[in-house]
Trainee: 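Sending over a structure as structure tokens; questions will come in a sec.
Computed over heavy atoms, backbone and side chain alike; hydrogens, waters and symmetry mates excluded.
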Amino acid sequence: MMAPMNPVSRLRLAQVSSATLAVALAVAAASPVAAQTKPAADAAVNEEAEAIVVQGFRASLESAVAAKRLSNNIVDVIKADDIASMPDANLAESIQRIPGVSIQRDAGEGRNVTVRGLGGDFVRTTLNGIEAFSATTGSTLGVVAGINRTRGFDFSTFASELFNAITVSKSQSAEMDEGSLAATIDLQTAKPFDKPGFRAAISAQGAYYDNNRTAAPRLAGLLSNTWGDFGVLVSAAYSKRKAQEDGYSDTSQSDYSDALNGFCGTAADIASQAGSQVVNTAIPFVNPLAGTGNRPANQCFSGRPSDATAYAAINQPNVFLPRNPGLGRFNLDQERIGLTGAIQYQPSDATHITIDGVFSQFRQDRTDYALSLASNNRNVNGASAAFPLFAGRVDSQIMEVNVLPTGQVDYMKLNNVDIKHIQERTKSTTRTYELALHLEQTLTDRLSFDGKVGFAGSDYNQPYTVLMSYDGFNKDGYVWDSREDPRRPFINYGYDVTNVNNVTFTNAGTGLTPDIRITRARVKNYMKTAAGNFKFELNDQFTLKAGVMYKDFTFRSEQTQRLFGNNGPPCTVSSTNTNAAACTAAGAYPTFNFAQFAADFPTLGGLSETLTGFGNQLGLPAGSVTSWVVPNVAAYIDKLNLLCNCANKYGDFTLAINSALGNNRSVSEKDLSFYGQTDFDIDLGGHALRGNFGLRYVRTRVASTGFTSLTSQITVPNSYTDLLPSANVSYEIRSDLLLRGAFAKVMARPGLGSLNPGGSLNTNFGAQSAAIGNPLLAPYRAKNYDLSLEWYPRRGMFYAVTLFYKDVGSTIQSLAAQEPFGNTGLPVSLLPTGQDASTIYIVTRFRNTSGGYIKGLELSMQQPLDFLPGPLSHLGVAANYTYVKSRVLYFLSSGLTATTTRDQFINVSPHSVNATVFYDDDKFSARVSVAYRDAYLTALPFRAEVPDGNYSYATTNVDAALSYRLTPRLQLTADLLNLTNQASDQFSGAVRQSQRVFSTTGRQFFVGASYTF
């Protein structure tokens, strides 16, 4: 039976090598890629059976190796103490140790995985064999920022202690559910008959986070018992985390001589440049990518000129500036609760019934702080001479600049800029669950049935996000200087950013509505599954399999936002009618009541907060800002009742879908599949040949629903079928040397966000964007080829080399370009005052492309060093290296005649290494793990028609774990994570290398004890 997993991190496995084999067989049998064991393999392993007790971490490695060896498919397995004893904060960080797997970290924790160059939308994740989804939200600094509305699984929602095995299947067989181009990750929880009898364990750790010097608890426990043919198991894990991320960020690079219409002109013509550059005259475009003819005149409302020399340097093609540079802090208060349960009934050897369930609740309260240059991110925004605020970059002056030969600006001094002092508070809860009934029934000596029904789901609930800002308008002397250190530029804002008197919140004289953004969101995923499989042992060499699976999947996204714009001329509503149509009604009051607010709060001091101690671990240059004042969102929520979803005496805080149409959508999928498969196990002159071949048929019916206007929804149906042949072959060259080959046609369904038949819209000034979906997208399709050579010289040791090639026949790309709002097809009535069909928006569209390829090499090894003398014999090494080369077609804009380029797949590191050096004896255990991944592409293009992208620099994470057994039941533990304080480190442009993000989350330390009963 399967060896027990200790869900509290330290329950020791004590097994002889024959028990290790039993673990491997149980894992293989439980997996959808179950191997048929063969006499030659049994004999080879039995030859190794010695009366040696192997315990702890080393035993878990040995059982994982045995499971890998006996599988028909190409798999990698993490077992028992390997998960629980490794220094892992969550499942993503456990999985990253598998060859070909890289993770993306968000706020210091692993969140998403990439397998052999393909991300979460191409990786199926199952909980006890039931396909699962999990959605949460992350920081706005990281690559994986924002609410997860994709098919990808958020591994940060689960603690690793809850699972006793992780199987990553890299090759496909017909009996496996479709939907993955990269891999299927199966997460298995413990069952009572894994080890019959009474079991109990508990562990407790205290966590310390050095970035903000806070402490938090981490607890786990397991209780299991069997009574004859009946067994029950429950386990639980609880942890809190108080994390802090400090960093510099810039949303993107942009050509600011043309994009969004440039800066204020000069006081006189510049002879070296064609056309007039005088302030408020029409200025010719110099970059055909941005436009032709002249830029609009009369948008420099201040009438102040830029410096002629600086303007001449910046007003050139291919010169790029940072779009929205600033400083940010994210405080995360997280609570993670996980529960698993299993009931097993085995009335006979022929009948096994299992009911298992998994539940996780991940709560996150996040407070974000930012101090950023807003003007470079804004166009004229409907401003006028009478209402010049929020005019943005077109009303700013470039006074000094330095441009590198690459065209990248690394120094600039600006006047008349706007600075935002921001605080955002978000409360969210993600509940993830799975419940399944599994029946294994032997019908005759040769015929058996395996059936499963179950459901899994995820419910993300964000009751509120409130973003508020103070504005420093028209500030002179702003300096941004990255010449000394691009990762940590020096920023001088030109005024005392800690003094609340230097910023503006309300300004009734200009009709400025305070920047108060309120959002509610919810994302639900729900999957119902029913499957039945028959297996008939034709003879000792061949086994026939056939089965059917039905899946019913529902995705629903809901979002409401504050109805009225964040700035602009006053809009009023009546006390009984909050509809925008009532704005001019008699007796109406303004969307923000300036007089009432001023009367109740004559100063902002009691409603403000000053962030302090910023950047302690960033190494900022001397003189950098370390404190700034922001609105205290909690105080504003309390005093102004911002969450009432109503109009009250301070203003209108009504929520509506008007500016969030694209995030109000749903997808319904019904998938029916049939398969036939033959497993074989043949003796070829003393050499075993085993594996499987088969064919899977799947029909997908999908219906996508979205808004096309405020009052109109549309549902668009689509359907497609796929025939998916597959084959896996394993040839035993000798008893310890295996040659494997695999082929499969595979498919993955389109991302949920790309299917929206309507559009999403963000009308906030400075971030005006729209996304237009395509419900008729075809799925991703590919042909996968694998070849591996595996050497198992003795127990617990293996060396392997694997070659893989993915011929990706079709992909889906999102394309962003600047274009008039009228091109989107969305109604102009959605726009706020001051915008019309000609207002420029960043528009994202989706289309199928012709695909590309991914090819690579995996090298992996596991080597106990027991040949060394004395205590050194307890040492061992487990390591792997992956090389990936990929190429895919990218369109550089959304037009039908857009130019194209070819580059690597998103989130693919060409080189990655994972290595663990461990020491494990009867009392003391120590491990050091290193995870390295090479620089990789995160987006392309970073600007329409520019064949260049955004990237992440290489990262190296070093973690360690220590444990000491005081008694056979009591063990002390210590885990040390991110010892090198690895930063999130991202840049724009392969040559320009302009810094996008540089942030740190600090080190994490866990110290505690575990006790088994």
Side-chain angles (χ1 to χ4, degrees), residues 253-325 373-404 407-419 472-481 494 510 765-766 768 818 820 834 838-840 943:
Q253 293 288 299
S254 189
D255 177 350
Y256 277 100
S257 67
D258 292 334
L260 302 181
N261 296 339
F263 295 99
C264 285
T266 63
D269 288 350
I270 302 176
S272 62
Q273 296 186 8
S276 172
Q277 270 84 30
V278 177
V279 174
N280 278 327
T281 60
I283 301 173
F285 285 102
V286 298
N287 187 347
L289 293 180
T292 57
N294 292 330
R295 288 180 275 158
N298 301 314
Q299 293 186 338
C300 181
F301 305 113
S302 68
R304 297 164 56 184
S306 292
D307 176 83
T309 302
Y311 193 90
I314 210 76
N315 193 35
Q316 302 288 339
N318 199 40
V319 173
F320 285 81
L321 283 77
R323 187 184 184 103
N324 192 19
L373 172 67
S375 332
N376 275 13
N377 199 34
R378 294 174 175 157
N379 58 25
V380 71
N381 287 327
S384 64
F387 181 68
L389 297 181
F390 286 90
R393 182 178 41 76
V394 293
D395 197 25
S396 298
Q397 295 83 40
I398 179 79
M399 305 307 295
E400 297 177 15
V401 72
N402 188 70
V403 183
L404 294 171
Q408 181 62 46
V409 169
D410 65 353
Y411 166 78
M412 61 183 180
K413 182 177 181 179
L414 305 174
N415 282 343
N416 206 44
V417 299
D418 302 336
I419 309 296
F473 283 113
N474 302 330
K475 302 295 184 180
D476 290 342
Y478 173 88
V479 173
W480 178 88
D481 190 351
T510 61
F765 289 127
Q768 296 164 173
Q818 292 182 343
S838 66
T839 302
I840 299 299
R943 183 199 188 284

Trainee: Other residues, nucleotides and ligands only: do more than 12 of their heavy atoms fall within 6.0 Å of NZ on Lys413?
Mentor: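 Open: at most 12 neighbouring heavy atoms sit under 6.0 Å from NZ of Lys413.
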Trainee: Any side-chain heavy atom of Tyr478 sitting closer than 4.5 Å to one from Asn376?
Mentor: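 Contact flag for Tyr478/Asn376 side chains = no.
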Trainee: For Asn402, enumerate each residue passing the side-chain contact (heavy atoms from CB on, under 4.5 Å) test, keeping only those at least two apart in sequence or located in another chain.
Mentor: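 Result, side-chain contact (heavy atoms from CB on, under 4.5 Å) vs Asn402: Leu404, Asp410, Tyr411, Arg483.
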Trainee: Measuring only between side-chain heavy atoms, which start at C-beta, is Leu414 closer than 4.5 Å to Phe263?
Mentor: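 In short, these two side chains touch, coming nearer than 4.5 Å.
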Trainee: Is the closest side-chain donor-acceptor distance between Arg323 and Asn377 under 3.5 Å?
Mentor: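 Side-chain D/A pair, Arg323 to Asn377: present.
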Trainee: Taking side-chain hydrogen bond (donor to acceptor under 3.5 Å, both in side chains) as the definition, give me every residue that meets it alongside Asp476, ordered by chain and number, with sequence neighbours left out.
Mentor: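 Result, side-chain hydrogen bond (donor to acceptor under 3.5 Å, both in side chains) vs Asp476: Arg304.
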Trainee: Identify the two heavy atoms, one from Cys264 and one from Val394, that lie closest to each other, and give their separation to 0.1 Å.
Mentor: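 In this case the closest contact between Cys264 and Val394 is SG-O, 3.4 Å.
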Trainee: Apply side-chain hydrogen bond (donor to acceptor under 3.5 Å, both in side chains) to Gln299 and list each qualifying residue two or more places apart in sequence or on a separate chain.
Mentor: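 With neighbours one apart ignored, the set is empty.
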Trainee: Work out which heavy atom in Asn280 is nearest to a heavy atom in Gly303; give both atom names and the distance.
Mentor: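 Taking Asn280 first and Gly303 second, the nearest heavy atoms are ND2-CA, 4.4 Å.
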Trainee: Which pair of heavy atoms, one from Pro305 and one from Gln397, lies closest together, and at what distance?
Mentor: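 Looks like O-CG, 3.4 Å.
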Trainee: Taking all heavy atoms of Asp307 and all of Thr309, pick out the closest pair and write down the distance.
Mentor: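 Heavy atoms of Asp307 and Thr309 come nearest at OD2-N, 3.1 Å.
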Trainee: Any heavy-atom pair between the side chains of Met412 and Ile398 that's under 4.5 Å?
Mentor: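 Side chain of Ile398 against side chain of Met412, heavy atoms only: contact under 4.5 Å found.
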Trainee: State the CG-CZ distance between Leu373 and Arg393, to the nearest 0.5 angstrom.
Mentor: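 It comes to 10.5 Å.
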Trainee: Using a 3.5 Å distance criterion without hydrogens, assess whether the side chain of Asp395 forms a donor-acceptor pair with backbone atoms of Asn416.
Mentor: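 No.
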Trainee: Under 3.5 Å, is there a donor-acceptor pair between the side chain of Thr266 and the main chain of Ser306?
Mentor: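 It does not hold such a pair.
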Trainee: I'd like to check the salt bridge (charged side-chain N to carboxylate O under 4.0 Å, His left out) partners of Asp418; sequence neighbours left out, ordered by chain and number.
Mentor: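 Asp418 satisfies salt bridge (charged side-chain N to carboxylate O under 4.0 Å, His left out) with Arg378 only.
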Trainee: Please check: side-chain N/O of Asn415 versus main-chain N/O of Gly477, any donor-acceptor pairing under 3.5 Å?
Mentor: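 Between the backbone of Gly477 and the side chain of Asn415 there is a qualifying donor-acceptor contact (under 3.5 Å).
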